[in-house]
Structure formats: C-alpha cells, structure tokens
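Starting off with a structure, shown below.
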Amino acid sequence: MQKSEVVVVGAGPAGLTAAHELLKAGAEVTLIDRNASLGGQLIKQTHKFFGSEKQYAAHRGIDILERLTENLIPYERFHLLSETTVVGFYHDKVLTCLKDDRYFKLQADSVIFATGASEHSIPFENNDLPGVYAAGAVQTLMNEYGIKPGQRVLMVGSGNIGLIVSYQLMQAGVDVAAVLEASERIGGYLVHASKLRRLGVEIRTNMSIKSAIGEAHVEAAEAWRLDEDWQGIEGSEERYDVDTICIAVGLSPLTELLEQAGAEVEYISELGGNVPVLKDYETTIEGVYACGDLANIEEASSAMVEGRIAGIRAAQALDYTVENAEMRLKALDDELVDLRSGPPGDNVRRGLKKMEGLT
Amino acid sequence: MRIKNHPILSFDGRETIPFYFNDKLYYGVEGDTIASALVANNVKALTSSLHLERPRGFYCAIGNCASCNMVVDGEPNVRTCITPLKKDMRVYRQKGRGRLHAKE
Amino acid sequence: MIEKTGIPSKAQVKAEFPTPEELSRPKAVIECYKEIPCNPCETSCPFDAITVGEDINARPQIDFDACTGCGICVYSCPGLAIMVARLKNGEAEMKVPYEFTPLPEKGEIVNVVDRRGDVITEGRVLNVSKSAKQDRTALVHFAVDEKYLYDAISIEVSYGS
C-alpha cells in the first residue's frame, strides 16, 4: 500500500492553506482533489474578497488561488493527486482513491478533510427540469468555462451566493429577471444587494418559486408570495419568462467520508446541518481533522484561516516544530473572532457554542 | 452561449476540440468538461431520471449530484461535469442506470 | 427599506455625504450601511481618512478634512460601495466603480441611473481610468446636473451590439 505521512482531501481554500502549514513544518503532504485544477470554489470567485489584509481582502478569489497554490510548489515533500476522487475512508486512516479508472489505497498518519459542501435544492414543481441549476454551479460554468447558462435567469435566494452570482451573471451579459427571497430580509451583505439593485435587478422578499414551466427544459418560472409560515399564497402567482432558474438556498457540508470511518457527526443548523464534531479542528478520530465549509458553512476568508489552524495542529500532533506556534495559533484564532464578531457571524457563533457544548 | 467579452476574465485563444454527442459532431474548446461543452452548444438534457425518464441537466457542476451522468466512450455514469473533454469522445445521453460492457 | 430592497432611503444617503461646501473639493462617499467584516477602505487610504478600527465589522467613518478624493478606496472596496463626488460649476461630478464591458469613452453621453437602477438623466463622461493597480475595477468619472447629487449612482450598463 502507498503511504503518505499526511493526506489533505480537497484543494479548496481550506485544504490549500492546511497543506501549506504542514509543508512549512516539514511534513510530507499528499493533496488530493477530484478536479483537474486546484482551488475548489476559489477558481470561480471573480469578485474582490472581504475581510482584512490577513485574508487577502480586496484581492479577487481567482488571484488568491494563485498565491495559495504557488506557496506549495517549492516543497519537495509535496505530492499532488488531481482528478482523483477519494471514495473510501477507514478508521485506521486508510483512504481508497479512484484515478483514471483505477482504485488504489493510501495509508496516512494524519488526514485533513477539507471537502467543502454541496448546494441544496428545494422542492417545487418541475424542479428537476434542465435549466434549474445550483447557483454555484452556474458560477462555475460562467467563470471557469466561459459559458452562459441561458439568456435570462430567475435567482432563488438572496444570500451572498445568490447576490454575487446574480451580479456575475450580469457581468457575463446574462439578464437577471429578479432575486427571490423567502424570508422578510435580504440574506447576504447589503452592499452586494445595492450593487445589484442599481443594475435594475429587483430583490423580492417574502417570495419563493412555485414551479418551473416547460417540457424538455425551463421556459418560464412561476413565483408566489409566502405567508408568515412560509406557505405559498394561492392567487399571488407571478410569471417570469426565463430559461434558467438558479437555486441559491444554502449548502450542506460533505461529511460522507468522515462518517464512513465512524467520526461523530451532529446536526447543528447554524453551522450548515450535519457537521463533524470537532475539538480544535480534530474529529473524534485522533489524527483526523476537518476545516473549511465541511466544518461550518462560511466565507472563504474563514476557510483559509481554519485550514492554517488545522494544518498547524496536525503538524504539532506529528511532533513537528512549528515556529512561534502558540503566537500564530492565537493570531489565527483572533482573525476568526474578527471575521465572525459582527451580525453576519451571529449564526456561526451560536453554532460554535453548541459545538463547544458537545466536546 | 460562450462569453465573448468579460470585464474580469478572458477566454480567448482556446483550441477547438471536436467530439460526438448522440453521433452528431459538436465542438468544444480546450479547458471544457464534457458537460460545459454540451451546455455551450445549448444541449441541456444530459441524462434522464431512472423511472419516469424525465430529462435531466447538470445541477451541481462539482461531481456530486449525479444529474449529469452520461455514457462516454462506452462507459456509463461518467460524471460529465468534472470529466475533461477530449478529442473525438463519443458521448451519449444516458437512459436509466446504464449498462457496463466487458472490456476486451 | 434597504434590508428588503437593497435601496437606501434618501435620508440614509444624505447622511453619508459631506456638506455642499466640503464638496467644492472631491470627497469619498461611503455607503456601507450595515456591519460586515471588512476593512480595505481603511487600509487602502494613503491619507488615513477612513477608520474602521480594531473591530473590522464596524462601519467605516470618514474624515472629510483628510480625504482628498483620490479614489483609491473606490476600487479597493470589495462591495463597490464607495464613490467620489464633487460639485463644480452647477454640476455634480462622480467617480464610480464599474466592472462591465464595454467601457464608455471620454466625452460620451451616457444614461445615469439611481439606486433603483432607473435611468434619471444623461451624464457626460469626463474620464475613464483602468490602471493595473485598480485590478479590473474601472473608475468612470461623469458629470450630471447638480440636482442629481444624491440620486446618481452609476451609469447604465450597455452591452454594445
């Protein structure tokens, strides 16, 4: 069986920073990603990031990705397995991988999971029609491959993903008919909402999608108002002539691999649903860590910081000396506190409190 | 359906890649996945649901949801949203679960 | 209400503006109405005119005496929530961030929109800058009648042919 001292699963913002910290400390790291190109969701983040200089604020995600990747290249003990899917994980830290139609096993001393999250769907009539796409998927299609999903889009959900992808659709020359928001307030940052609104895109609160209309693909959408119990109000239907419906209603952490090995998972809605039980980013299996959206659904800025912390902790557990470890961990913790201390961080703070109660 | 002008990104200078979808010749470009090349050609239905055979397009674009599984060069259930497009690939819309054929 | 629509009220907008006297020189106007974890406006300002402070979630405060209207914060703001405004010869001149193609040209007459995205008047493009340090956020500098000072926010996007 092949061996690697550390395996990092997922080369998004959290996985890349975790790998970097481990390599800096001297560990051997194999970074695995199922895509051909590294970066996870950073690859399509064409907007400038929020946060502070420490998380590369005011730089575009696509450029941050380049920096994070370049960090890894000088290290001799860095191995990259791209277009490789981890399909199995066992409690003795053995991973089953699939590459080029071939399965192989990999034994690690320490494993860091940074598998991210997958986008939700919501139930409505004809929600399986081609043309109903996850918003992040449309962002991938546009910004990674340069392809428009359609001519005119109805966006469902006004969190940051819904707002940002709507803006980026307009940048790609695609018309956005409206953004629907089921709750009574816009979910994402108001600055995103305002820059979309000044493009003439209406954000409609207390509204959701009732149905997609079409036979072979989406030809229109029907929206309706919701009452206080979030039930659709008959008679309030409005038709939008669109060929694409984007769903931006949240993400679920990808915990499957951790669960295969028996790591404990708890449902904490504020963190995004089922999340691994963590103490200092270590799961209930010793030497197995989780960070980024897998640990809690948040912005990429936080994921990068979490990856660094998980990487340092894992390096220490393997008896590597991390320079100024205590100072650095404290500084990184402070960064997370800063990122989460305002109103947008309310949910995560509540969720993490619940997590603390579990461990 | 390809983006021509973009304020942030440039997609110029990518080589054309010929491939076949349901035995008809199509063109994608370097860097495409199978699914992105099809969507660029306005092909939206990639597979069909198992029982009612309703048309299905891509959904997640990260290899997670199985909504873009197609038959590629004889192999079913290929996640076309994360599989790079290659020259002369033969891609078919998948019906049902797909069948494995013994390789020689 | 901005939390429902993304459109700030006129009172909210006016509260962020300097006085008309102060606007005889160009000044940055920051429309960051709700706390978010973000401070590039503060760190990008070469004149220390913008303060977010220790807690990066705080809303930015601007010192109009220190602000020179240089426009660096305009393209540094990830939320595209800052513009530079000035009153001159009966016109309001505004420098706004713009991330669409094609860019307008100097001297072009363009449609100017308000915070709802409605076209409210025509404007004259004074300049368009797009240097490397702006990192693909162009600055469009345009002039409208001064009565639109609190309404004009950007130019209408035209995708060309």
Side-chain angles (χ1 to χ4, degrees), chain A residues 46-63 158 160 163-164 167-168 170-175 179 181 183-206 299 301-302 335-345, chain C residues 1-8 12-13 30-44 52 54-59 72-73 75-83 96-101 112-119 133-137 152-157 159-160:
Chain A
T46 53
H47 53 281
K48 291 177 178 172
F49 272 33
F50 292 75
S52 72
E53 279 172 337
K54 292 169 199 152
Q55 305 94 31
Y56 314 103
H59 292 277
R60 298 182 191 277
I62 43 177
D63 300 323
S158 75
N160 277 342
L163 298 174
I164 289 172
Y167 179 76
Q168 293 176 358
M170 301 285 287
Q171 286 183 307
V174 180
D175 193 18
V179 178
E181 169 55 54
S183 83
E184 59 177 15
R185 278 159 197 270
I186 291 166
Y189 294 172
L190 293 182
V191 287
H192 286 313
S194 294
K195 75 182 190 192
L196 193 58
R197 181 62 229 219
R198 77 177 82 115
L199 293 167
V201 178
E202 203 180 349
I203 302 166
R204 307 196 64 186
T205 50
N206 299 111
E299 300 295 319
S301 318
S302 310
E335 280 186 48
L336 287 176
V337 169
D338 282 349
L339 289 169
R340 292 168 178 160
S341 66
Chain C
M1 185 172 111
I2 188 170
E3 284 91 350
K4 282 179 173 290
T5 60
I7 310 166
Q12 279 178 307
V13 173
I30 306 176
E31 292 193 70
C32 190
Y33 295 106
K34 198 168 180 203
E35 298 93 334
I36 47 175
C38 189
N39 71 355
C41 54
E42 176 179 39
T43 52
S44 70
V52 174
E54 194 93 327
D55 178 1
I56 61 168
N57 291 273
R59 292 182 54 203
I72 290 176
C73 58
Y75 59 77
S76 301
C77 170
L80 305 190
I82 309 180
M83 64 171 166
V96 301
Y98 192 76
E99 295 183 330
F100 289 85
T101 56
V112 171
V113 298
D114 65 7
R115 288 168 180 76
R116 303 173 54 87
D118 292 339
V119 175
K133 63 179 188 216
Q134 290 172 229
D135 186 13
R136 291 159 282 180
T137 305
I153 184 75
S154 192
I155 64 167
E156 189 182 36
V157 174
Y159 291 107

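Naming convention: chains lettered A, B, ... in sequence-line order (proteins, then strands); numbering from 1 in each chain. Computed from heavy atoms alone, side chains included, the values below leave out hydrogens, waters and symmetry copies.
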Pick from A:Gln171, A:Arg340, A:Lys195: which one has the most heavy-atom pairs with chain C under 4.5 Å? A:Gln171
Select one option (side chain, backbone, both, neither) describing which atoms of C:Ser44 are under 4.5 Å from chain A's heavy atoms. neither
Any chance CD of C:Gln12 has more than 12 other-residue heavy atoms, nucleotides or ligands included, within less than 6.0 Å? yes
Highest number of heavy-atom pairs under 4.5 Å with chain C: which of A:Gly345, A:Ser341, A:Pro344? A:Ser341
If we define contacts as heavy-atom pairs under 4.5 Å, which of C:Ile56, C:Ile36, C:Val119, C:Leu80 has the most with chain A? C:Ile36
Any C:Lys4 side-chain heavy atom under 4.5 Å of A:Glu181 side chain: no
Relative to chain A, which segment of C:Asp55 carries a heavy atom at a distance below 4.5 Å: side chain, backbone, both, or neither? side chain
With the side chain counted from C-beta on, respond yes when C:Glu3 and A:Thr205 share a heavy-atom pair under 4.5 Å apart, and no when they do not. no
Could you tell me which non-hydrogen atom of C:Asn57 sits nearest to which non-hydrogen atom of A:Asp338, and how far apart they are? ND2-O, 2.7 Å
Which bit of C:Glu42 is near chain A, if near means a heavy-atom gap under 4.5 Å: side chain, backbone, both or neither? neither
With a 4.5 angstrom heavy-atom cut-off, could you sort out which part of C:Ile2 is near chain A: side chain, backbone, both or neither? both
With chain C as the partner, which of A:Ser158, A:Ser183, A:Ser301, A:Pro343 has the greatest number of non-hydrogen pairs under 4.5 Å? A:Pro343
Quick check on A:Ile186 against chain C: is it the side chain, the backbone, both or neither that has a heavy atom closer than 4.5 Å? both
Is it true that a side-chain atom of A:Arg197 and a backbone atom of C:Arg116 form a donor plus acceptor pair closer than 3.5 Å? yes
Just by modelled atom types, is the C:Gly6 backbone N or O under 3.5 Å from a matching donor or acceptor in the A:Ser194 side chain? yes
Checked A:Gly342, A:Ala193, A:Gly51 vs chain C; the most non-hydrogen pairs under 4.5 Å come from A:Gly51
Taking every heavy-atom pair that is under 4.5 Å apart, which of C:Arg136, C:Glu156, C:Arg115 has the most such pairs with chain A? C:Arg136
Among C:Ile153, C:Asp118, C:Val52, who wins on heavy-atom pairs under 4.5 Å with chain A? C:Ile153
Please determine, among A:His47, A:Glu184, A:His192, the option with the most heavy-atom pairs under 4.5 Å with chain C. A:Glu184
With a 6.0 Å cut-off on the ring centroids, do C:Tyr33 and A:Tyr189 count as close? no
Under 4.5 Å from a heavy atom of chain A, the part of C:Thr5 involved: backbone
Answer yes or no: is there a donor N or O on one side and an acceptor on the other, between the side chain of A:Lys48 and the main chain of C:Tyr75, under 3.5 Å? yes
Heaviest contributor of heavy-atom pairs below 4.5 Å to chain C, chosen from A:Ala57, A:Ser52, A:Ala172, A:Gly187, is A:Ser52
Considering all heavy atoms of both residues, which atom of A:Phe50 and which atom of C:Cys38 are nearest to each other, and what is their separation? CD2-SG, 3.4 Å
In plain terms, say whether C:Glu99 and A:Arg60 are close enough for a salt bridge, that is, a side-chain N and a carboxylate O under 4.0 Å apart. yes
